[in-house]
Number of protein chains: 2
Amino acid sequence: MSETPPSLLGLTTYLLSKTGKAARSRLAARLAERDLRLWHMAVLSALVDFGPHVQRELAARLGIDRSDMVKIVDDLAVAGLVDRARDTIDRRRVTVTPTRAGRAMLADLQAEALAVQQELLAPLTSPEQAQLAALLRRVHAHVHEGPEEPRSGR
Amino acid sequence: MSETPPSLLGLTTYLLSKTGKAARSRLAARLAERDLRLWHMAVLSALVDFGPHVQRELAARLGIDRSDMVKIVDDLAVAGLVDRARDTIDRRRVTVTPTRAGRAMLADLQAEALAVQQELLAPLTSPEQAQLAALLRRVHAHVHEGPEEPRSGR
DNA sequence: CCCAATGATGGGTCTTCACCTACTAACTGG
DNA sequence: CCAGTTAGTAGGTGAAGACCCATCATTGGG
């Protein structure tokens, strides 16, 4: 009765879009419990993986506008998850560093992400989950390097 | 330099979210060239797959609000892709039927979706693409039956 | 010492999206 | 034939996202 049209289920594009949306919204819901959004997690990940960044580098790495990065970093700073420090040699720059609380929070968020993942991929066996991850990783790498369309007109 | 943090790449949740977003936005861009959006395609698919629907059934099947469905059907009707007809025995109901142009358009859109799919999944071999589709189909079926959280608060 | 470039901000706009309400026309059961 | 319910419709709301610009402090080159 409430079946999805088979025409759509035959399109991988559609499946990716739908399951992706489910993944995003479920993870976002978990983050929201801690008053965080996906970008907050992305920023924390970048800081922990690659070490302290100047704000501008952070924005460039994650591909978002630097004025938006300001707000994200601000949220994280207020929550005590990162430290913002003026660079002593170039006082225009602000170096962002993860705090201990920030690292702990990231570990927490990663656990949540894994929980969502288990919930989402429940019907797949472990090797299948790994295979899905491997395939997606390759697709992601391909998509990420050749974004094709910077932004469709507004 | 603009690498994505490995912590994120290790999370299937993240990969799904990202590739899903890429799939959605690319397909949406193709549809936009015809002044259509994803829901328009979904409605056409439902009509062609399952035959004419009363508007309310359409909304229920696709899981969207009936007031939003009104606008989608209206767009399609204006574009000549569907016919709206008052039910003769219950004149409150409006039966929506795909026109010949609507069917042709859907075929067109499906071709576009396949093109996007080829572009997106280029790094994968054919059997790998099939495998990805099969895995995603199972995940989608699972996600779709147990939505868990109807809607997180607003 | 001045000027152009740079980094961080704050502010604002413009969409999209999901949801929700109220209203009208029409049907149905008592 | 009246009351309550249902279908479609119009409209509004609020959040989220991506984008863009003006401002201000700072720096570095000439």
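Below, read A as the first sequence line, B as the second, and so on, with proteins coming before strands; counting in each chain starts at 1.
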field: Evaluation steps, salt bridge (charged side-chain N to carboxylate O under 4.0 Å, His left out), between A:E119 and A:R30
entry: CA-CA 13 Å; A:E119 186 184 311; A:R30 305 282 189 120; 3.2 Å; yes
message: One pair to check against salt bridge (charged side-chain N to carboxylate O under 4.0 Å, His left out): A:K71 and A:D68. What are the steps and the verdict?
response: CA-CA 5 Å; A:K71 296 151 197 163; A:D68 293 325; 3.6 Å; yes
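Among C:dC19, D:dG8, D:dC19, the nucleotide with an atom closest to any side-chain atom of A:K71 is D:dC19. Between C:dC27, D:dA7, C:dA18, one nucleotide has an atom nearer to the side chain of B:V54 than all others, and that is D:dA7. Distance from the side chain of B:R91 is smallest for C:dA26 among the nucleotides C:dA8, C:dA26, D:dC19. For A:R92, counting side-chain heavy atoms from C-beta on, the closest listed nucleotide (D:dA18, C:dA5, C:dA8) is C:dA5. Side-chain atoms of A:R56 lie closest to C:dG7 of the nucleotides C:dT9, D:dG17, C:dG7. Listed nucleotides C:dC27, C:dA8, C:dC17 differ in distance to A:K21; the shortest reach to its side chain belongs to C:dC17.
Counting non-hydrogen atoms under 4.0 angstrom, A:D74 reaches nothing in the nucleic acid. When heavy atoms are screened at a 4.0 angstrom cut-off, B:V94 is found touching the sugar-phosphate backbone but no base atom. When heavy atoms are screened at a 4.0 angstrom cut-off, A:I89 is found touching the sugar-phosphate backbone but no base atom.
In this structure, CG of A:D90 is placed 11 Å from C1' of D:dA25, rounded to the nearest angstrom. Going from atom CG of B:D65 over to atom P of D:dG8 covers 12 Å, rounded to whole Å. Between the P atom of C:dG7 and the CZ atom of A:R61 lies a distance of 16 Å, rounded to the nearest Å. In this structure, B:R93 atom CZ and D:dT6 atom P are separated by 11 Å, rounded to whole Å. As a whole-Å value, the separation of A:I64 CD1 from D:dA16 P is 16 Å. Rounded to a whole Å, the CZ atom of B:R86 is 11 Å from the P atom of C:dA25. Going from atom CG of B:D35 over to atom C1' of C:dT15 covers 16 Å, rounded to whole Å. At whole-Å resolution of the value, CG in A:L62 and C1' in D:dA18 are 15 Å apart.
Donor-acceptor pairing under 3.5 Å is recorded for the side chains of A:S7 and B:D49. If you check the side chains of B:Q129 and B:S126, you find no donor sitting under 3.5 Å from an acceptor.
When the shell of 6.0 Å around CZ of A:R138 is examined, it contains more than 12 heavy atoms from other residues, nucleotides or ligands.
Comparing B:T95 and A:R66 against DNA chain D, the residue whose closest nucleotide sits nearer the 5' end is B:T95.
Residue A:W39 places at least one side-chain N or O closer than 4.0 Å to OP1 or OP2 of D:dA18. Of the side-chain N and O atoms in B:R37, one or more sit less than 4.0 angstrom from OP1 or OP2 of C:dC17.
Every residue two or more places apart in sequence or in another chain that forms a salt bridge (charged side-chain N to carboxylate O under 4.0 Å, His left out) with A:R93 is listed here: A:D90.
Scanning atom types as modelled, no donor and acceptor separated by under 3.5 angstrom connect the side chain of B:D68 and the base of C:dC17.
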